[in-house]
2 protein chains.
Amino acid sequence: MFQALADSTRRAILVRLCEGPASVSELARPFAMSLPAIVQHLQVLEASGLIRSEKIGRVRSCSIVPSAVRLAEAWLRSRRTAQESRLDRLESFLDSPDPPTTPRSTP
Amino acid sequence: MFQALADSTRRAILVRLCEGPASVSELARPFAMSLPAIVQHLQVLEASGLIRSEKIGRVRSCSIVPSAVRLAEAWLRSRRTAQESRLDRLESFLDSPDPPTTPRSTP
DNA sequence: TGAATACTTAAGCATGTGCTTAACAATCAG
DNA sequence: CTGATTGTTAAGCACATGCTTAAGTATTCA
């Protein structure tokens with residue numbers, strides 16, 4: 001999933017899809033890149049679960065999967081909060097003027 | 001940055017660093033991988049801004065940069081909320097029983 | 001000083017990734 | 001049916017990535 005997010009073209013496609021579903025050629029339009037290249041990016045995005053797509057007639061409509069984005073977000077948040085709560089514990093330890101567990105007195 | 005997050009070894013290193021700073025060989029210990037390989041991963045992580053490191057004597061101490069993690073998180077959140085607010089607007093549009101801007105009557 | 005520790009640098013290699021072109025479906029419009 | 005539109009498949013190529021080993025450098029300790 002982070003692998004899928006690692007490419008700037010794919011991120012740009014995601015940004016576009018935030019505005020609503022789009023077809024393959026619609027997604028390809030802004031890029032100076034062949035259509036098969038875009039299709040490959042879409043395959044990576046779909047394999048990662050970040051988007052889904054459905055083919056109706058000859059046009060494939062792609063849309064974002066918010067729950068997948070939320071998943072990546074949650075991973076990062078849990079890393080960050082783990083780190084921050086560690087800092088908080090350290091801070092409160094350093095701030096505590098006279099911890100009862102420490103026999104030494106503050107000079 | 002997402003590029004740096006794309007590798008599972010690097011993500012595992014980040015998870016480890018959430019528990020506090022660590023030296024290079026300390027970070028390398030859990031992995032069945034040569035030390036230079038780990039150093040390369042650390043270079044990628046540091047170049048992306050996700051970690052920083054400082055060499056004291058002969059040991060390099062690495063630690064996480066929470067603000068960078070927050071940045072990646074914010075990117076994902078803004079994508080997700082953009083998408084969700086779009087859905088909300090659609091929903092409220094569909095729910096509105098009689099929009100005053102629409103001249104047609106509901107049959 | 002001399003050996004052990006803790007990295008660092010450099011070179012090389014296998015595999016993965018992002019792109020291309022060319023050729024092939026499949027569907028819709030006239 | 002014809003031909004334009006929309007996408008798909010396949011092959012191939014250049015470069016990036018993740019690893020390795022071998023040979024350094026710097027720092028600490030006995």
Nearest-nucleotide pick for A/Arg60, side chain only, options being D/dG7, D/dC19, C/dT8: D/dG7
So which nucleotide from D/dT9, D/dG7, C/dT8 ends up closest to the side chain of A/Pro36? D/dT9
Check: A/Leu42 main-chain N/O paired with A/Arg10 side-chain donor or acceptor under 3.5 Å: no
Whole-Å distance between [N] [atom2] and [X] [atom1]?
| X | N | atom1 | atom2 | result |
| --- | --- | --- | --- | --- |
| B/Met33 | C/dA14 | CE | P | 19 Å |
| A/His41 | C/dC19 | NE2 | C1' | 8 Å |
| B/Ile13 | D/dC19 | CD1 | C1' | 13 Å |
| A/Leu35 | C/dC24 | CG | P | 18 Å |
| A/Arg10 | C/dG16 | CZ | C1' | 12 Å |
| B/Leu5 | D/dT17 | CG | P | 14 Å |

So, is A/Ser34 close to the C/dT21 phosphate, meaning a side-chain N or O under 4.0 Å from OP1 or OP2? no
Is the closest side-chain heavy-atom distance between [X] and [Y] below 4.5 Å?
| X | Y | result |
| --- | --- | --- |
| B/Arg16 | B/Glu26 | yes |
| B/Leu76 | A/Leu5 | yes |
| A/Arg11 | B/Trp75 | yes |
| B/Val69 | A/Gln83 | no |

Which label fits A/Phe2 and B/Phe2: parallel for a plane angle under 30°, tilted from 30 to 60°, or perpendicular past 60°? parallel
Of all of residues 42-57 of chain B, which get a heavy atom below 4.0 angstrom from DNA chain D, listed by number? B/Gly57
B/Glu26 or B/Gln40, whichever maps to the more 5' nucleotide of DNA chain C: B/Glu26
Shortest non-hydrogen contact between B/Ile38 and B/Val24, atoms and distance: CG2-O, 4.4 Å
Below 3.5 Å, does any donor atom in the side chain of B/Arg58 face an acceptor in the base of D/dT27, or the other way round? yes
How is A/Gln3 classified with respect to the nucleic acid when contacts are heavy atoms under 4.0 Å: base, sugar-phosphate, or nothing? sugar-phosphate
Give one of base, sugar-phosphate or nothing for A/Ser25, where a contact means two heavy atoms less than 4.0 Å apart. sugar-phosphate
